[in-house]
A.B. asks: 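What follows is a single structure, and I will ask about it in a moment.
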Amino acid sequence: MNIQDTLDKAIKDGLQEIYNVAIENVEFQATRKDFEGDITVVVFPFLRVIKGNPVEIGTKLGTYLTESVPEITKFNVVKGFLNLVLSDSYFLRNFKNIYQIENFGIIDAKPNEKSVMVEYSSPNTNKPLHLGHIRNNLLGYSVAEIIKASGKKVYKTQIINDRGIHICKSMLAWQKWGNSETPESTSKKGDKLVGDYYVKFDQEYKKEILDLVAKGFTEDEAKKQAPLLLEAQQMLQKWEAGDSDVVDLWKTMNQWVYDGFEQTYKDLGVDFDKNYYESNTYLLGKDIVSEGLEKGIFFKKEDGSVWIDLTDEGLDEKIVLRSDGTAVYMTQDIGTAIQRIKDYPDVGGLVYTVGNEQDYHFKVLFLILKKLGFDWAKNLYHLSYGMVDLPSGKMKSREGTVVDADDLLLDMTNTAREISEELGKLEGYTDGEKEILFKTIGLGALKYHILKVDPKKRILFDPKESIDFQGNTGPFIQYAYARIQSILRKADFNYDDLSIIPSNLDLEDKEKSVLKQLALFPEIVQQAANNYSPAVIANYTYDLVKEYNSFYQSIPILAADDDKKKMFRVQLSKKVAVVIKGAFGLLGIEVPERM
RNA sequence: GGUGGCAUAGCUCAGCUGGAUAGAGCACCUGCCUUCUAAGCAGGCGGUCCUAGGUUCGAAUCCUAGUGCCAUCACCA
């Protein structure tokens, strides 16, 4: 039984005994730093059933608890707050429990629990990844890891948007102006090469529009009539008809892009258990729509298009099948969701990591799946996140105003290199070891910078202002880890022996603060999972490190004057390092042995 | 116009189901490297928690209305 449960019961008993009242709920909170105490009971809610002044009630209750609960050594009452001081032996016992648990805070998948599939990344194959994709990837990966750590089996997946008019645009441009360039012949990453032709298409297309407008067309007409666009549309029809030349080109260019993406994913440290391709799924869902039509969930308009009426839910009517019988995005998403559950029958819920511009789409999608009667439809979650904007506004691939993912990763590594070399603490490291370290630190700075922000908030990214390496940052936390490793390397005794964890020591306040923060980790993991929020993990880890650094600075560890103290402090340090590593693992950030 | 999201220090952000005097980091200022890594620590400066009402013992947090920014409302994805 943990201390809070013990206290909960004791307080209920106490109030029964003193005032003869039954209390349903006791409200606890961590005692604020400015007051003495470890855990605080809020007295105000008791006033509903006990008339009297809160200080008096608090005092009586405090006296009762001090006498009846051995872990409580003293108390004080400030206004309606009863601050309880816990004994050192309680803290040491608590620490011993924590120290024994190897993956403290992280729960193995429970066999009876349904799995969760997390979708993220899901790029188009006509342009390289940019900063917006980075946020998506980091969030999706991290949330997947967090859900896993909360005790569920997780599948990571993505759906690759590998077909459609936009893909044909870059294909067409390459055909016309590519001179048979390949990634090999140009030494360019495949996704970059294809992206260049997507931009090229747009430039030429705009020229054609201007020409047509000069000839007297309206702008709208010009946009629809431009020969390039017509040609791209033809190409799409050929693709859908299975024209072998078009399909071959499509396969070739997509493969270039996949090779490029694979490199970026590797650099970013994300992975997937299963990829879905739109070219395989875009026809899915049509049968479901027919079935739904029969059941009366959908209805058909005179022109043959199929809709769902969501006006009862406060939404509009939404199309699910075009009048010519072809699928829209929604049709496909319905089909893909069902396909995924078929492929992985143990999956009981899906998480979609997609920007908040698609909030409406997912609201509708989830409603439709619910109306279709799937029992897993109640476990669908749109992990909706805010856009990453530049000071100039939105990033636009076609206009070249994007922060390229590969460039940014390289920048971060370079900055880490500059700072590290200036500090010059890496004697004895080979060049290869150094490069790995610079990458770890640079990537840590970037990932932490993005993940510490609440997903639903938008991020303003100014490329001119570099990401910090000091203060509330990834490197700050990595640094704390590295310092602890240094201590552990120097500790020439067996601190892992459980039997030698001291049980009677006078603890310093700073030791207790670290311990209290450490003990929170399991509930933080659950909270992060419930809220789909890596930011919860990031903020927790930062607080832990702040507490630890304060301890580290003011209290001797290896130089402690007493062997038992030395033992405890090394053990405490080690466990902090383990939790840092575990927490950062949930964020997809690595930690260095030295820095 | 309808719907949804966001609004906290000069800047970037925390603030869990309502609880004490609203917290960090950056920037600026002051101290601390002859003891375990100073990417650190200790301290100072800095607030109309967008506005106005309401609920209550108590509101940055919940409700209503308004303001501002963003997104969305296609036989696009």
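Letters A, B, ... mirror the listed sequences (proteins, then strands); counts begin at 1.
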A.B. asks: So what does A:Pro54 touch, heavy atoms closer than 4.0 Å: a base, only the sugar-phosphate, or nothing?
C.D. replies: nothing
A.B. asks: For A:Ile441, which contact category applies under a 4.0 Å heavy-atom criterion: base, sugar-phosphate, or nothing?
C.D. replies: base
A.B. asks: Can you list the steps and then say if A:Arg163 with A:Glu240 is a salt bridge (charged side-chain N to carboxylate O under 4.0 Å, His left out)?
C.D. replies: CA-CA 9 Å; A:Arg163 62 164 283 282; A:Glu240 295 203 0; 3.3 Å; yes
A.B. asks: Nearest to the side chain of A:Thr40, heavy atoms from C-beta on, is which of B:U37, B:A20, B:G19?
C.D. replies: B:A20
A.B. asks: Taking the ring of A:Phe366 and the ring of A:His382, is the distance between their centroids below 6.0 Å?
C.D. replies: no
A.B. asks: Nearest of B:C36, B:A77, B:A20 to any side-chain atom of A:Thr31?
C.D. replies: B:A20
A.B. asks: Examine A:Arg135 relative to A:Tyr385 and say whether NZ or CZ is less than 6.0 Å from the centre of the six-membered ring and inside a 45° cone about the ring axis.
C.D. replies: no
A.B. asks: So what does A:Glu27 touch, heavy atoms closer than 4.0 Å: a base, only the sugar-phosphate, or nothing?
C.D. replies: base
A.B. asks: Heavy atoms only: give me the nearest A:Lys394-A:Asp389 pair and the separation to one decimal.
C.D. replies: CA-OD1, 3.9 Å
A.B. asks: What integer distance in Å separates A:Glu278:CD from B:A77:P?
C.D. replies: 8 Å
A.B. asks: Assign A:Tyr542 to base, sugar-phosphate, or nothing according to its heavy-atom contacts below 4.0 angstrom with the strands shown.
C.D. replies: sugar-phosphate
A.B. asks: What's A:Gln29 touching, base or sugar-phosphate or nothing? Going by heavy atoms closer than 4.0 Å.
C.D. replies: base
A.B. asks: Regarding A:Asn83, tell me which of base, sugar-phosphate or nothing describes its non-hydrogen contacts under 4.0 Å with the strands shown.
C.D. replies: base
A.B. asks: Considering every strand and a 4.0 Å limit on heavy-atom distances, what is the contact class for A:Ser550: base, sugar-phosphate, or nothing?
C.D. replies: sugar-phosphate
